[in-house]
Enquirer: 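This structure is in structure tokens; I'll ask about it shortly.
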Amino acid sequence: MMYTMADTELKPCDLAALETFEFERVLMESTLTGSCYLLGRLHGEPAIVHVQRTAVDPSAAPGIVKEGLESLDVFLDNRPYFSAHALLKRGADALPDLALKLIWPCTDVHIKKYTPQPRRLLTETPELYASIVEPYIASFPPERTAWVHAIIEGRKEAERVLFSAPGDEGFTLLPDLKWDGVSPSALYLTAIARDARIRSLRDLRRAHVPLLRAIRGAAYAVCAERWGVAQGELRLFVHYQPSYYHFHVHVVHVAHEIMAGMAVGQAHMLEDIIGWLELSPEDGPSLLSQMAFTYALGTEHGLYAPLAARQEGEADGFGEH
Ligand code: G7M
């Protein structure tokens with residue numbers, strides 16, 4: 001896909017642009033979250049729009065029930081059970097009805113990510129990392145992480161940054177795209193390392209322990225100060241495989257119990273990672289670079305086919321002996 005200066009002037013995320021959205025198909029829907037991903041085109045480029053009803057903030061709910069409703073349509077009356085549809089009052093302090101997310105222009109990788117697909121478990125040995133995964137990571141064009149550099153250099157989302165430590169050993173802590181910063185029980189932050197040489201947990205070395213400890217300390221302090229969320233309410237973890245290869249840590253309220261990104265195999269507790277690094281040699285490869293990782297991948301993921309082919313080959317080999 002080619003970008004021109006004109007493209008960067010176009011606004012995709014405003015009402016006038018969305019009116020021109022050329023819908024193609026629904027990629028995915030979730031009855032659990034009441035949301036769907038739509039694929040279409042905006043300004044001639046492929047776009048994904050995620051449409052979701054906003055979550056109700058428990059602290060705002062009593063006010064909504066008492067005086068925030070415009071109308072009530074009772075469709076079930078069977079004492080003691082009643083069900084109704086309600087419309088919220090409009091007004092300056094009205095709550096948003098929808099949380100909308102847009103990816104524009106989106107790539108085939110985004111489309112595959114949001115297309116339902118079977119998931120399969122694979123084991124990535126250090127050899128498979130060296131021969132398949134590392135070249136795959138190295139082949140990512142730098143534009144794919146342009147948004148990450150824009151954050152750590154303070155050009156984007158600057159007003160959302162919660163904590164920033166400068167220098168090569170620094171990091172930026174800010175709310176994740178998924179969290180609107182409202183309900184503490186939905187708290188979701190991301191800490192992004194400044195050092196682009198750490199692409200995933202495979203690149204971590206013992207020398208990175210101070211960085212990881214600093215991220216942990218900042219996350220605990222910021223969450224306690226700003227939202228009264230205590231250390232014991234926070235889960236800090238790292239994805240492998242992640243969706244982008246610039247090291248980052250997820251900081252998530254423990255009340256988020258059932259997110260796919262927390263599946264065993266994909267999520268690794270920051271505490272465990274620090275522990276493995278502390279057991280690693282001062283100089284030289286860490287345990288994280290020498291161990292095998294087992295995780296599930298969608299069958300459309302760019303790594304799935306090459307890894308699965310190698311594993312099948314090895315399984316055939318075992319059969320012969
Ligand atoms: O699976 P992985 O560890 O790569 O997770 C990436 C995280 O980055 C997800 O939780 C996304 O919601 C988050 N994220 C992705 N983008 C494109 C952005 C962004 O533009 N801003 C922020 N703040 N978070 C993002």
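Whatever order the structure lists them in is the order used to number ligands and atoms, beginning at 1. Only this structure's heavy atoms are used, side chains among them; waters, hydrogens and symmetry mates stay out.
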Enquirer: Do the side chains of V133 and Y240 get nearer than 4.5 Å, heavy atoms only?
Expert: yes
Enquirer: On a heavy-atom basis, which atom in E45 and which in W104 lie closest, and how many Å separate them?
Expert: CB-NE1, 3.4 Å
Enquirer: H268 and F237: aromatic ring centres closer than 6.0 Å?
Expert: no
Enquirer: Note the single closest protein heavy atom to atom 4 (O) of ligand 1, along with its residue, its atom name and the distance in Å.
Expert: S243 N, 2.5 Å
Enquirer: If you count the atoms of ligand 1 from 1 in the order shown, which ones are under 4.0 Å from a heavy atom of K178?
Expert: 9 (C), 10 (O), 11 (C), 12 (O)
Enquirer: For atom 16 (N) of ligand 1, which protein heavy atom lies nearest, and how many Å away is it?
Expert: W147 CH2, 3.2 Å
Enquirer: What's the separation between atom CD1 in I151 and atom OG1 in T145, rounded to the nearest 0.5 Å?
Expert: 11.0 Å
Enquirer: Using a 4.0 Å heavy-atom cut-off, which part of K156 comes near ligand 1: side chain, backbone, both, or neither?
Expert: neither
Enquirer: Determine the interplanar angle of the F75 and H85 rings, folded into 0 to 90°, and report it as parallel if under 30°, tilted if 30 to 60°, perpendicular if over 60°.
Expert: tilted
Enquirer: Output yes when the distance from some N or O of ligand 1 to some N or O of H239 is under 3.5 Å, and no in every other case.
Expert: yes
Enquirer: Does L303 reach the side chain of I132, with side-chain heavy atoms less than 4.5 Å apart?
Expert: yes
Enquirer: Going by distance only, is there an N or O of H248 that falls short of 3.5 Å from an N or O of ligand 1?
Expert: yes
Enquirer: Under 6.0 Å between the ring centres of H239 and H248?
Expert: no
Enquirer: May I ask which of Y245, F247, F237, Y244 has a heavy atom nearer to atom 8 (O) of ligand 1 than the others do?
Expert: Y244
Enquirer: For atom 5 (O) of ligand 1, which of H246, H250, Q266 has the closest heavy atom?
Expert: H250
Enquirer: Using a 4.0 Å cutoff against the non-hydrogen atoms of P175, which atoms of ligand 1 qualify?
Expert: 23 (N)
Enquirer: From atom 12 (O) of ligand 1, work out which of I103, L189, I151, D176 has a heavy atom at the shortest distance.
Expert: D176
Enquirer: Pick whichever of L177, V252, V161, T190 has a heavy atom sitting closest to atom 24 (N) of ligand 1.
Expert: L177
Enquirer: Would you mind listing which atoms of ligand 1 come within a distance below 4.0 Å of any non-hydrogen atom of E157?
Expert: 19 (C), 20 (O), 21 (N), 22 (C), 23 (N)
Enquirer: Validate the cation-pi geometry between R202 and Y129: distance from NZ or CZ to the six-membered ring centre under 6.0 Å, angle to the ring axis within 45°.
Expert: yes
